[in-house]
J.: 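Before we start, here is the structure in question, set down as C-alpha cells.
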Number of protein chains: 2
Amino acid sequence: MVEGAIATAVAALVNRDETLARKVVDEDAEIDRMEVDVEEDCAKILALYQPVAGDLRFVIAVLKINNDLERMGDLAKNIAKRVLYLARVDQVEIPVDFRSMAVQAQDMVKRSLDALVQADSSMAHQVRQDDDVLDGMRRTIHEKIRAAIRARPEQTETLMKLYSVAKHLERMGDMATNVAEDVIYMVEGDIVRHQGEDELPDDQEEETGRGEV
Amino acid sequence: MVEGAIATAVAALVNRDETLARKVVDEDAEIDRMEVDVEEDCAKILALYQPVAGDLRFVIAVLKINNDLERMGDLAKNIAKRVLYLARVDQVEIPVDFRSMAVQAQDMVKRSLDALVQADSSMAHQVRQDDDVLDGMRRTIHEKIRAAIRARPEQTETLMKLYSVAKHLERMGDMATNVAEDVIYMVEGDIVRHQGEDELPDDQEEETGRGEV
C-alpha cells in the first residue's frame, strides 16, 4: 500500500491529476490503521511467544520498519496535498522533471522491503548505497528550483511547494535506507547506521533517517 | 543531550556563533552511539526478562522514542550546519525571530521526556495540543521568508536555509508529539495517534510524525 501510495502521488503530480491525489490522501487512513495493527501484533508476539535471538531481532526490526512505512505514507500524502494545492493556483511551469527521482525513491522503498521479506542483506547494502544517487537528484532539482525562484520571484509560493516535493522524495529514500539498515542489523547483527556519516561536508544535510544520508 | 543540542543549535543560529554550531555537529556522534546502546539494552531486556503488560509497553515505547530522539539530534545538527553555511556567506538580514519558535520546540521536547519519565499522560496530552501552536509559528515564519524572497530574489539560497530551519524546528515538535503519543499509549493503553488528523485542510502539511500534526 505504501509503495502504491508513492507511485500514485507521483503520477498525480506529473499529470496534475487531482482525482489521483485525492485517492492518496483518502487511503492514508488505511495505512495508519495498518500501522496500529502491526504494532499490536508485535506486542502480542513479544508477550505470548517471548522470542529470542534472530526472532527477537526480527520483531524489533518490524516495530521500527512499521513506523517508517507509516511515515513514508505520510510523505506520499504530503506530495498529494501539494498536487491539490497546485491544481488550485495558476498554472506554473514546473522547471524540473520529478519522474526519475520518484522512480528512484520508489525503487529504493520496494527493494528495502524485498530485502526485509527475503532477509537479503546484500540487497539492503545496495539500497544504502543508492541513497547517494537520490540525494544527488534532490540537489540538482533544488538548484533548478532556486534558479526558477530567482527568475520568477512572484511564483515563490508555488515553486516552494515543488521544492518540498523533492525534499519529501529524498526523505522517502532516507526511510528506505533506515529500513535497509534494520534489515542488515536483523540479518548480520551488525549495526551499520552511524557509520561513515562524518564524511559529510558541512553544507550537506544530515538526514533524520538515523543520521545516515 | 538532545535537549542541549537543540538549545545550542538555536543559540548558534541566533548569535551566528560558529563555535557553538561546530559543537552541536561534533557531539551528534555521541547521541548516535547512545541510540545504539539503548536499542541493545531494550533487546537484552526483552530477551532476558521477557516483560509483559505494562513493562512490555514501556520497552516498546522506549524503542520508538529512542529512534525519535536520535532524529531530533539530527535535526539539531542540521540547524547547526545551516549556521556554518550562513557564517560563510554574505551577511543577510534574517527577516524573522526564531527564538520563540525554538523555545516552544525545546519546551515540547523537554515536557514529552518529562511525561515519559514520570509516566504522566496528562502532560503528554498537553504536548500534543501545543503542537498546533508550533505549527502556527512555522506558518508565520514561512510567510515572512517567502515575502523576503519575493523582495530580494538574489538572496534566495540563503533565505531557503532559514526556511528549512523553521521546518526543522516544526519537525522537532512533531517528534515530541510522537514521544507524547507513545507515553499516552504506554500509560493509557490507548492509541491516540491518527485521531483527528482528517480535520486538516488540504493546504496544511501532514507531518511524518505518525500522521499527526
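Lettering of chains follows the sequences in order, A, B, ..., and the numbering in each one begins at 1. Note that this is a predicted model, so its numbers are computed, not measured.
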J.: Could you tell me which portion of B:Ile149 (side chain, backbone, both or neither) has an atom closer than 4.5 angstrom to a non-hydrogen atom of chain A?
T.: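 Its backbone and side chain both get close to chain A.
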J.: Passes salt bridge (Lys or Arg N to Asp or Glu O under 4.0 Å), B:Lys23 versus B:Glu27? Steps please.
T.: CA-CA 6 Å; B:Lys23 183 167 147 42; B:Glu27 289 184 356; 3.1 Å; yes
J.: Go through B:His142, B:Gln155, B:Gln50 and name the one with the most non-hydrogen pairs under 4.5 angstrom from chain A.
T.: B:Gln50
J.: Would you please name every residue forming a salt bridge (Lys or Arg N to Asp or Glu O under 4.0 Å) with A:Lys44, sequence neighbours left out?
T.: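 Listed in chain order: nothing, the list is empty.
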J.: Knowing that exactly one of A:Arg82, A:Lys144, A:Arg146 qualifies, which makes a side-chain hydrogen bond (donor to acceptor under 3.5 Å, both in side chains) with A:Tyr163?
T.: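 Of the listed residues A:Arg82, A:Lys144, A:Arg146, the side-chain hydrogen bond (donor to acceptor under 3.5 Å, both in side chains) partner of A:Tyr163 is A:Arg146.
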J.: A:Glu143, A:Arg150, A:Arg152: which one forms the most heavy-atom pairs within less than 4.5 Å of chain B?
T.: A:Arg150
J.: Picking from B:Asp26, B:Leu63, B:Leu46, which has the most non-hydrogen pairs under 4.5 angstrom with chain A?
T.: B:Leu46
J.: Answer yes or no for A:Arg57 and A:Tyr185: cation-pi contact, defined as NZ/CZ to six-membered ring centre under 6.0 Å and angle to ring axis within 45°.
T.: yes
